[in-house]
Amino acid sequence: MINYKDMIADIIVENVSDLTKEDVLGMIEVPSDEKMGDYAFPCFRLAKVLRKAPPLIAKDIAAKIEGNEVFEKVESVNAYVNMYISRGNFAKELVKEVIEQKEDFGKSNLGAGKKVIVEFSSPNIAKPFHIGHIRSTVIGNAIYKLYDCLGYETIRINHLGDYGTQFGKMICAYRRWGNKEDVIKEPIKTLLQYYTKFHVEAENDPSLDQEARDIFTKLENGSPEEMELWQWFRDESLKEFTVVYDMLGIEFDSYAGESFYSDKMDRFVNELKDKKLLQESNGANIVDLEPYGMSPALITKSDGSTLYITRDIAAAVYRKEHYDFYKNIYVVASQQNLHFQQWFKIVELLGYEWAKDCVHIPFGLVSLEDGTMSTRQGRVVFLEDVLNRAVNQTMEIIREKGVATDDIEATAKQVGIGAVVFQELSNNRIKDYTFSWDKVLNFEGETGPYVQYTHARAASVLRKASEESVAKAAKLEMFNPEFISSDSAYELAKLIYKMPDVIKEAAEKYEPSILTRHIINIAQGFNRFYHHEHVNVENESEKLTKLALVISAKTAIKNGLALLGMSAPEKM
RNA sequence: GGGGCACUAGCUCAAUGGAUAGAGUCGCAGACUUCGAAUCUGUCGGUUGGGGGUUCGAAUCCCUCGUGCCUCACCA
């Protein structure tokens, strides 16, 4: 497949010696209006260098590019060079490539030999997995898939919140008011009840806090009884989390949470001391970050115990030594911006040059209509409930419409859960949003079901044609680009063509929504084409050619959805 | 109070410093005897929070003010 941008850049660089290819690639753009061509090159900035009026420069450049057979037309309009791709050849090359590559369309080997760690989801043990957790979980998964697709070796880490004084409280509460059967039946809800009760009781009886601290100290020192309980809480919680992960089709390579690093922290406290970075302050140890415009970072508490910043430092060093990452990505809420800035800086001050390879990918806050989420006050929406309701609603819609899917339940899961995932990945991650049932259960317009429906519709068109025709179309038999040179067909082809670049951009910017939006565009393009033209027509050549385009669009949508962690049903 | 982020159509959101700021949704008007109407077509809708500045060109960069959210030492 021709890389048009690359080609244009080469021609321009050849003729304008003052520019590097990189400059030119950055300047080439896609006009807002397709009537102005497929690619455009604005010449304003060349005026100073070339000491010539922009329109004249545009005219000269246009003359150089013109005559190249891949373009149907090249013209200069004021200071712009507008280039129109020759449609027939383009469509044929594109369709051929997509059909040949199938599920590999969009992949590349850009990251061959480089390891990327993505830390995401990371819920707290014994706390509910609620709608707020969907963000890190789903965005992180998409980022992992994007990097995987670009050929990077990836490691998915679920950095479980499985350590800290809270577990002293939990064990304390369990021993006082707990019951084994209840925990087994509903681990998280029960444990949370104990935890909440602990806080209520501790208000009246401060000795409880001391008891909890003592228990945690025992746990830290490896006391068998405490360890056993902790391990049990952890296992039961993880079982419950796994239900949700299975629904979402998400897996991890490592569940090394905070506890994993509990014995790996002394080294850094000592290193900080040796490098004279640590200061004593009110009995605690801090790193002064004032010179870098940040508030001080608390490394150890006045009682000598460590905090999560120390664990994060230990974890990062462990990962560097254990995996030797190229990039170490943290998909964690924007609330923790300062935390990450602080410890990235500390790692840098410790002299680790790879500090620059650690990236925090923040995302905005989810709130509920009646305020921010609060588990203790019962203001919480469980992720599992959201997914289940979306699935149930899908089931109803499928029954209403009477579509003959092979397995209604399986399809409803794909569509319902897909709807929730897709919506999560639709907007820029940095935006805050308010959770609303109406919105999450809306399946019309720019939604997951819309895109999946489009895919199912394409599948349906292929079913309508004979298997033989589809096989012939896939081999580009009787292919005549004339039949897909209409505006709607051409726009669709262009959108498919851009997908590999969009995948790269989404990965570079750690922004899955860029891909989500593009998939919507492809779906819109397909639906427009579908309504505008008939595919299964009498004329064999026309039919086979259009079928080839349908196969390509279907492939692109399916591959795109897969990168978002969604499946694309054949019927729905 | 310090720091950070956000502010674009009634609502939810797009827009690598480029040409006339685009979608979806809502409202209104249409399209199923023709490959799936979870669809499509048309229409209505804008002082890009206010004000300065830089630039040939600003929603985008800089300054300033406003509003909202997050964060700032023994939770994570």
Side-chain angles (χ1 to χ4, degrees), chain A residues 25-33 36 40 42 44-45 47-48 53-54 77-80 82 122 124 127 159 161 163-166 258 281-286 293-303 305-309 311-312 332-339 341-342 362 364-365 367 372 394 397-398 400-401 403 415 419 423 426-428 430-434 436 439 442-454 456-465 505 509 513-514 517 520-521 523-524 526-528 530-537 543 546-547 550 571-572:
Chain A
L25 279 173
M27 286 163 77
I28 296 170
E29 55 190 62
V30 175
S32 48
D33 186 342
M36 296 182 289
F44 302 101
R45 281 193 293 186
K48 266 184 196 159
V77 178
N78 296 323
Y80 287 90
N82 291 341
S122 313
N124 287 329
K127 293 240 178 99
H159 191 71
Y163 203 70
T165 43
Q166 47 172 332
E258 288 166 29
S281 169
N282 297 327
N285 281 309
I286 62 160
M294 286 182 265
S295 47
L298 196 61
I299 303 295
T300 62
K301 298 192 253 179
S302 40
D303 67 1
S305 58
T306 55
L307 288 115
Y308 79 134
I309 197 163
R311 283 194 280 279
D312 269 339
V332 179
S334 62
Q335 287 161 11
Q336 298 199 27
N337 278 351
L338 177 62
H339 166 73
Q341 279 169 23
Q342 284 179 324
L365 193 79
S367 52
T372 47
T394 309
I397 295 176
I398 292 177
E400 246 172 57
K401 294 187 185 293
V403 182
V415 176
Q423 196 198 37
S426 291
N427 298 338
N428 282 345
I430 203 66
K431 301 261 182 183
D432 293 344
Y433 72 87
T434 305
S436 115
K439 225 173 118 185
N442 169 37
F443 292 172
E444 273 157 32
E446 295 171 336
T447 65
Y450 168 76
V451 174
Q452 288 174 320
Y453 173 82
T454 307
R457 173 182 256 174
S460 175
V461 172
L462 297 181
R463 277 196 301 273
K464 213 79 182 175
E505 195 193 344
K509 294 184 175 165
S513 66
I514 295 174
R517 304 234 148 236
I520 293 172
N521 289 339
Q524 285 172 336
F526 179 83
N527 283 321
R528 228 167 273 146
Y530 174 88
H531 277 274
H532 195 253
E533 294 183 50
H534 208 79
V535 176
N536 287 309
V537 291
K543 180 168 88 176
K546 285 180 171 174
L547 281 173
V550 173
K571 293 179 188 173
M572 63 183 270

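Only this structure's heavy atoms are used, side chains among them; waters, hydrogens and symmetry mates stay out. Note on naming: letters A, B, ... go to the chains in the order of the sequence lines (proteins, then strands), and numbering restarts at 1 for each one.
Closest to the A:Q524 side chain, of the nucleotides B:G4, B:G24, B:A38, is B:G24. Checked against B:C56, B:C70, B:G36, the side chain of A:R45 finds its nearest nucleotide in B:C56. In this structure, of B:A19, B:C35, B:A38, it is B:C35 that holds the atom nearest to the side chain of A:K464. Checking B:A76, B:A37, B:A19 against every side-chain atom of A:E29, the shortest atom distance belongs to B:A19. You'll find that the side chain of A:E258 is closest to B:A76, out of B:A19, B:A76, B:G36. Closest to the side chain of A:M572, from the set B:U39, B:A19, B:A38, is B:A38. Taking every side-chain heavy atom of A:S32 into account, B:A19 is the closest of B:A19, B:A38, B:A37. Side chain of A:V535, nearest nucleotide from B:U16, B:A38, B:C35: B:C35. Among the nucleotides B:A38, B:G36, B:A76, the one closest to the side chain of A:Q336 is B:A76. When each of B:C56, B:A38, B:C35 is scored by its nearest atom to the side-chain atoms of A:V461, the top-ranked nucleotide is B:C35.
Separation of atoms CG (A:N337) and NE2 (A:H339) is listed at 11.0 Å; rounding is to 0.5 Å. With values rounded to the nearest 0.5 angstrom, A:Y530 atom OH is found 6.5 Å from A:S460 atom OG. Interatomic distance, NE2 of A:H531 versus CZ of A:F526, reported as 9.5 Å (0.5 Å rounding). One finds the CZ atom of A:R45 at 4.5 Å from the CE atom of A:M27 (value rounded to the nearest 0.5 Å). A:E446 contributes atom CD, which lies 4.5 Å from atom CD1 of A:I520 (distance to the nearest 0.5 angstrom).
In this structure B:C32 sits in the syn conformation; its chi angle is within 90° of 0.
Scored by the side chain to side chain contact (heavy atoms under 4.5 Å, CB included) test, A:N527 finds A:Y450, A:T454, A:R457 as partners (sequence neighbours excluded).
Of the C1' atoms belonging to B:U25 and B:U20, the separation is 24 Å, rounded to the nearest Å. Comparing the C1' positions of B:C13 and B:C28 gives an interatomic distance of 23 Å, to the nearest angstrom. Across B:G68 and B:G50, the matching C1' atoms stand 16 Å from one another, rounded to whole Å. As rounded to the nearest Å, B:U8 and B:A15 have C1' atoms that lie 10 Å from one another. Look at the P atom in both B:G4 and B:C40: the space between them is 43 Å, to the nearest Å. For the P atoms, the distance from B:G17 to B:A59 is 13 Å, rounded to whole Å. Nucleotides B:A38 and B:C26 place their P atoms 15 Å apart, quoted to the nearest Å.
In this structure, the side chains of A:Q336 and A:Y308 come closer than 4.5 Å at one or more pairs of heavy atoms. No side-chain heavy atom of A:V77 sits under 4.5 Å from any side-chain heavy atom of A:M36. A heavy-atom distance below 4.5 Å is found between the side chains of A:S295 and A:L338.
Judged by ring centres under 5.5 Å apart and planes tilted less than 30 degrees, A:H534 stacks against the six-membered base ring of B:C35.
Between the side chain of A:N282 and the backbone N or O of A:A284 there is no donor-acceptor pair closer than 3.5 Å. The main-chain N or O of A:I299 is never found under 3.5 Å from a side-chain atom of A:N285 such that the two would form a donor-acceptor pair. Put simply, the side chain of A:D303 gets close to the backbone of A:S305: a donor and an acceptor are under 3.5 Å apart.
A:I28 comes within 4.0 angstrom of a nucleotide base, judged by non-hydrogen atoms across all strands. Residue A:A456 is classed as a base contact, given a heavy-atom separation below 4.0 Å to a base. At the heavy-atom level, A:I398 lies under 4.0 Å from base atoms of the strands shown. Residue A:A40 is classed as a base contact, given a heavy-atom separation below 4.0 Å to a base. Among the protein residues, A:V550 comes within range of no part of the nucleic acid, since none of its heavy atoms lies under 4.0 Å from any strand.
B:A31 atom P lies 20 Å from atom CG of A:N527, rounded to whole Å. A:Y530 has its OH atom 12 Å from the P atom of B:C40, to the nearest Å. Nucleotide B:A19 holds its C1' atom 15 Å from the CE atom of A:M27, rounded to whole Å. Computed from coordinates, the A:F44 CZ to B:U54 P distance equals 20 Å when rounded to whole Å. Rounded to an integer number of Å, the gap from CD of A:E444 to C1' of B:U25 is 10 Å. Put simply, NE2 on A:H532 is 14 Å from C1' on B:G42, counting in whole angstrom units. Counting to the nearest Å, the C1' atom of B:C70 and the CE atom of A:M294 are 17 Å from each other. Atom CD1 of A:I309 and atom C1' of B:A76 are 12 Å apart (whole Å).
The pairing partner recorded for B:C69 is B:G4, the criterion being a Watson-Crick or G-U wobble arrangement whose two distances lie under 3.5 angstrom. Pair check for B:U12 finds B:A23; Watson-Crick or G-U wobble, both atom distances under 3.5 Å. The pairing partner recorded for B:C44 is none, the criterion being a Watson-Crick or G-U wobble arrangement whose two distances lie under 3.5 angstrom. Nucleotide B:G17 is matched to nothing when pairs are restricted to Watson-Crick or G-U wobble geometry with both distances under 3.5 angstrom. Across all strands shown, B:C35 forms no Watson-Crick or G-U wobble pair with both distances under 3.5 Å.
The shortest non-hydrogen separation linking A:N427 to A:S513 is O-CB, 3.4 Å.
For A:R528, a side-chain nitrogen or oxygen approaches OP1 or OP2 of B:U41 to under 4.0 Å.
Side-chain to base pairing of A:N82 with B:A19: one donor and one acceptor N or O lie within less than 3.5 Å of each other.
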Kindly give the atom pairs (protein nitrogen or oxygen, nucleotide nitrogen or oxygen) under 3.5 Å for nucleotides 7-14 of chain B.
unit_1	atom_1	unit_2	atom_2	d
B:C7	OP1	A:K431	NZ	2.7
B:U12	O2'	A:K439	NZ	3.1
B:C13	O2'	A:N427	OD1	3.3
B:C13	O2'	A:R517	NH2	2.6
B:A14	OP1	A:N428	N	2.7
B:A14	OP1	A:N428	ND2	3.3
B:A14	OP2	A:K431	NZ	3.2

Between protein and nucleotides 72-75 of chain B, what N or O pairs are separated by less than 3.5 Å?
unit_1	atom_1	unit_2	atom_2	d
B:A73	N1	A:S281	OG	3.1
B:C74	O2	A:S302	N	2.7
B:C74	O2	A:S302	OG	3.3
B:C74	N3	A:S302	OG	3.2
B:C74	N4	A:N282	O	3.0
B:C75	OP2	A:K301	NZ	3.3

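Remark on RNA chain B: of its neighbouring residues A:E533 and A:L365, the 5'-side contact belongs to A:E533, judged by nearest-heavy-atom nucleotide.
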